[in-house]
Amino acid sequence: SCALIPVFADQLSDGLASLAAGVPDRDLVVMAEVAEEVGYADHHQKKLAFLFSAMRHFALRLRGQGWRVRYTRLDDPANSGSLTGEVARAAAAEAAGRVLVTEPGEYRVAAMIDRWPEHLGLAVERFADDRFVCSPGDFARWAEGRKTLRMEYFYRDMRRRTGLLMAGDAPEGGRWNYDADNRKPAEADLFMPAPHRVEPDAITTDVLAMVEARCGDHFGRLRPFWFAVTHDQAEAALDQFIAAALPRFGDYQDAMLRGERFLYHSVLSVYLNAGLLDPLAVCRRAEAAYYDGHAPLNAVEGFIRQIIGWREFIRGVYWLHMPGYTAQNHLGAARALPGFYWTGDTHMACLAEAIAQTRDEAYAHHIQRLMVTGNFALLAGLDPAAVHRWYLAVYVDAFEWVEAPNTLGMSLYADGGLFASKPYAAGGNYINKMSDYCRDCHYKVSKKSGPDACPFNYLYWDFLDRNAEILGANPRLGPVYRTWGRMADDKRQAARDSAARFLARLDAGERV
Ligand code: FAD
Ligand code: SF4
């Protein structure tokens, strides 16, 4: 009998396991744009438009491959509003006997599928998502018995498993990690690369009109919209990255420049996460660029590490610790998210820049997310659940499996250091070293306290002071706590006072 094959917004891959298990002229692919998914976060308008347009294009692609596809648009009057509802409607219309489904990216959706057999009265066959190198089960076995999880060791296993940048049993060039050669501050020049841009076609134009009409109150600017929405367009974006940006990817990975929103980053997470690009194929392309002599090893190794290292590791952490991971708050942080996270309306130039570009592009690169918006949230003691909801909403690449461990674990230390050996806390000096933001900021990065001092400077010390009971025993923080301890009393008090004044103004909703 006919099987239903639901395909979710982040499963837009030809080789999806549940599609491979189905038969095109017998089974029915079910795809739906539903209010439930639109509403569970205040998703950026560009994110909604990207996903809906990519889904509609993928439905066409599947039809071209001979599949029957039942596709429900968000504005279809008969839309039940939920994924379960849409699968139930398809089951009734088709007298379907069973469901074939690839494991979803998010726990919330997996829990929903758990209820399908009872709810739909159908047998549900689940398939592992083999678009990842490491399955949740493999990760759990790797993690077993380890007190702390370190990405670096996991990454070496993934290098061995994939053979990427391996010379026999040894890493190419003799070292596993070339980060020591990376992390230079950048300077703007005339030859900065830019991500591949695609003009909206008729399908995207329709989606943009629908998102504007139905979700126009969501965060972010919808236009100009330039994301790739098909596999071929995403391939073109990959080509452009390899040709223009990869060679300097490593050098400027941690740099930030005013007005330069993408630097040498790939802006490929959005396509990888939705399934338009295959992670391993992307890594093989980068590897080939090294062997062809087009890109240096430090760049290619760094890029591959982000994908088979960090991306896989983060996913492993998520599935190992869900449910419950997203509710953690190790430091007991409780401050409400300041309004400027939605408007960019702050005197702090680094935050204003990162948030304005987030509003415009639904994109910020890693160091902006980690060391600007994330670092501020950590230092100011913002409620991790609120910060998590923000990150889940505002980025086009945000899916909970990858967003949550990055936000709660890497950035906020809300998981108590499951994989970060210490909080990524930094004062204004770090931002000044890696960016040109401080040059024309309202605040002075060289000043440590007082009304015109950079808030990151005193908030940094105040954060350590406030959390001394929890963090004081961390050996990696020993040197900074000793520095704090040796500081003259009046300097320490000045930092505390400045922080108290700043945080009171923040809580009162004043412009800071
Ligand atoms: P590049 O710098 O070009 O890196 C190449 C690829 O490596 C990325 O496309 C991505 O697939 C992968 N990658 C790099 N770093 C990470 C990482 N830490 N975790 C997982 N994959 C990584 N990434 C998301 O995909 N979705 C999110 O919702 C998300 N939320 C984040 C929240 C916070 C607080 C932080 C600190 C990081 C978050 N990241 C998230 C990770 C990272 O910032 C983005 O993957 C990256 O900025 C995407 O831009 P890019 O494609 O230009 O990346
Ligand atoms: Fe940000 Fe401080 Fe630099 Fe201003 S001075 S841009 S607040 S780090």
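In each ligand, atom 1 is the first atom listed, and ligand 1 is the first ligand listed.
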Proximity flag F249 to ligand 1, non-hydrogen atoms under 4.0 Å: yes
Identity and distance of the protein heavy atom lying nearest atom 16 (C) of ligand 1: W310 CB, 4.0 Å
Residues W142, Y155; criterion ring pair (Phe, Tyr, Trp, His ring centres under 6.0 Å); working and verdict: CA-CA 11 Å; W142 175 81; Y155 165 58; over 10 Å; no
Identity and separation of the nearest protein heavy atom to atom 3 (Fe) of ligand 2: C438 SG, 2.3 Å
Contact partition for N273 relative to ligand 1, non-hydrogen atoms under 4.0 Å: side chain
Close approach, F313 and ligand 1, non-hydrogen under 4.0 angstrom: no
Region of C350 that comes within reach of ligand 2 [heavy atoms, distance under 4.0 Å]: both
Min heavy-atom dist Y391 to ligand 1 below 4.0 Å: yes
Pick from M434, H442, M348, K447: the one approaching atom 7 (S) of ligand 2 most closely through a non-hydrogen atom: M348
Worked verdict on F139 versus F313 for ring pair (Phe, Tyr, Trp, His ring centres under 6.0 Å): CA-CA 8 Å; F139 189 85; F313 177 83; 5.8 Å; yes
Y395/Y363 aromatic ring centres below 6.0 Å: no
Part of Y363 with heavy atoms under 4.0 Å of ligand 1, whether side chain, backbone, both or neither: side chain
Nearest protein heavy atom with distance in Å, relative to atom 2 (Fe) of ligand 2: C454 SG, 2.3 Å
